[in-house]
Amino acid sequence: MFDKIFIEEKYLEHPQVIKVKKLFPKAPIIQISKIEDYFQKAKKPYLQKRETLNLFLGEKKGQLVKQAPSAYGLSGEPHYYYVHAFNCIYECTYCYLQGYFHSPDIVLFLNHEEIKNEMKQILTLHPQKNVWFHAGEYSDSLALSHVSGELEHYYPFFKENQNAILELRTKSVNIRNLLKLTPLPNMIVSFSLSPDNRIKKTDLLTPPLFHRLKAMQKLKNQGFKLAIHFDPIIMSDDVIFLYKELIESIDSYINIPSIEYISLGVVRFTKDVFTSVKKNYPEADFLSSTFITSFDQKVRYSRPVRNYLLQEIKNILLIHQVHEDKIYLCMEES
Amino acid sequence: MMVLLVFAYLKEAQSFIDLLELKPYPLLNLKLYKNENYLLLITGEGIVNATLCTTSVLTHFNQEIQMIFNLGIAGAINPKISKFEIFEIRTNYAFINQKLEFKSFSFETKKTPLDLLTVNERVLSLDAKKQLSHHGDLIDREAYGISQAAHFFKKPIKIIKIVSDELADEEFCEVVKSNAPLYSEKLADYFLENHAQTKPQHLNSTKNEFSDILNNPHFHFTHSLFHQTQNLLQDLKLKNISLKSLIKEDFYLELIKEEIPKKEKSKRLNLELKKIVDPIGTKVKTKLQFLTDPFLAQGIHIKCDPDLESPFLDINFKTTSKEDLEHKVIKLKQIDYDSIEKIFKGKIY
């Protein structure tokens, strides 16, 4: 899976590093003083991840927990995301990571204690309030959880701090380690879902819809709280019909009104990412749509088209008895 | 079409000069050879020479040169690579003054992809080689400069390298000198077999791909309409709608038969293609036009935000008298702004 594994010197004897070495016995180990000496040092084309993907293990420096932008989660409560990893093993053709980092190599950070300390400080800023901590902003939060071993680090923290809410965002079905844990009332596993044929076209290397729905069902049966992200919604001639089918499928696996919340977001790109998408995936079907520069300088569909998609899909959810309060529009101006 | 072949040393290039029957071409102080289809440049050693010479040739032959190949010998820093193997480079990095340059150049390659590091000083110690091997598989002294010049002139480039032994640098130079004819022969064989017919990508004209429509004598496309239609046809291709099926569609066959000017026919085709490419976007525009076009008869031009991002209206009219102004103000009050806002809120159907 990994071409080379770069490990910061001070973590060479870290228990997780020893586990990683056993997981990938054939990958050459390169001892480095710090990740920044190698990662993003030169621009490594995004699609090289298909042939040679390296793994970096080390320390996250700088800000470890960051305030999320507005309209990131359910409104009314503060939202933060913590930086536990960079980059993803999947290859979603619209993914913003292709224009965000200058290398597709995977970085897993090991200084979880420091991240938790920062979370603790943030909790003190919001007494008497629920504070959300989202994982998976720069990486899928579960896809490599067996490699990072991070669930066991964060679980006790959220068990102790009930006003801290953990959201694990994922497209993976890597739930084995999660199923070993007892569900917490303040822990939500959120799945990004798209219609099956959209997943096949754009979410390259990700598990098919059916597998994700099965994983959700297993978690629900064990008592885990679930959420759904319909994000990004991508235009096609039959898009509304496809979302109707998708919502019916979800409902057949996990009674959809029981979902904690559902976010809706229409596909959007920063200008740099849009340039990268056109370069990396010139044959992507969604590039045939008309895109404009929108209110926040991001590249999106025109406002009537975005609102049409959001309203139509929201209506389907309402028909399926999803409470309106549980639906929010992600990164969209109202 | 002219192809530029760039080498560092004459000995690496000799087989090419012989096989392609290239003759010396006097230009500045360059070592340049030429025939009808090829230019061959010897840059000398190092990034500076490579950049300077390539830039000079590209400046002089900018119109003619459509494709560049950098060919030559590279040292292996990946121990798995064998001597005399030939590789097309995937990404070219530069390691200058012990520092990795951030900018890199990537190339399309179908063969086993390897990464090349262009270095500006001799790499003697094993430690240094090990350090470099974290970033690439081969090292050379010129490719980055040639890539940079090609990038500057927006010319497609391929880098093809033949591997020498993993040797210390002084020995490396000797080996290059003594074995150069052999390396050159192998490179020339590889090039002639795989790339002698290479055409740059942009010459694989989209004109041909869509010529059944774009060259159809029933249509007359102005320059801008031609490009718009070509882009729409490209979008249809992305949507997996084939040109073959499109030209069998009723609308197309009827349009061909219609007795209207060719230019008008082309415009109509353009509109029909837009409907297929972006049915919802077209619906939005049609609905907005339905609300704004009736005012044209009163000399009032109403335009929506061309990006359809903001529900503002750009209203223009001329007025000739107080009465005319009052009449137009009454008309303006009839603009159905509520319906326009509803469209912006997504109520399309």
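In what follows, chains are A, B, ... by sequence order, proteins preceding strands, each numbered from 1. Computed over heavy atoms, backbone and side chain alike; hydrogens, waters and symmetry mates excluded.
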Minimum-distance pair of heavy atoms, taken over all atoms of D115(B) and Q48(A): OD2-OE1, 3.6 Å
With K239(B), the salt bridge (Lys or Arg N to Asp or Glu O under 4.0 Å) member among D238(A), D285(A), D237(A): D237(A)
Heavy-atom pairs under 4.5 Å with chain B, option from I30(A), T290(A), V305(A), D3(A) with the top count: I30(A)
T52(A) and R90(B), any side-chain heavy atoms less than 4.5 Å apart: yes
Parallel, tilted or perpendicular: rings of H135(B) and Y38(A) (30°, 60°): parallel
Atom group of E312(A) that falls short of 4.5 Å from chain B, counting heavy atoms: neither
Contact origin within T282(B) toward chain A - heavy atom pairs under 4.5 Å: neither
F344(B), part contacting chain A, at a heavy-atom distance under 4.5 Å: both
Atom pair CZ/CD of F102(B) and Q40(A) - distance to nearest 0.5 Å: 7.0 Å
Under 4.5 Å from a heavy atom of chain A, the part of D278(B) involved: side chain
Segment of K41(A) engaging chain B (4.5 angstrom heavy-atom cut-off): both
Reported CZ-to-CG distance for the pair R303(A) and D305(B), which is rounded to 0.5 angstrom: 9.5 Å
Side chain / backbone / both / neither for S289(A) at chain B, heavy atoms under 4.5 Å: neither
Pairwise distance OG(S288(A)) to CG(L236(B)) - rounded to 0.5 angstrom: 8.0 Å
Check: F295(A) main-chain N/O paired with E309(B) side-chain donor or acceptor under 3.5 Å: yes
Straight-line distance of K4(A) NZ to S133(B) OG, nearest 0.5 Å: 6.0 Å
Engaged part of Y349(B) at the chain A interface, taking heavy atoms whose separation is under 4.5 Å: side chain
Region of P282(A) that comes under 4.5 Å of a non-hydrogen atom in chain B: backbone
Structural part of L287(A) lying under 4.5 Å from a heavy atom of chain B: both
Side chains of H134(B) and F6(A) in contact at under 4.5 Å (non-hydrogen atoms): yes
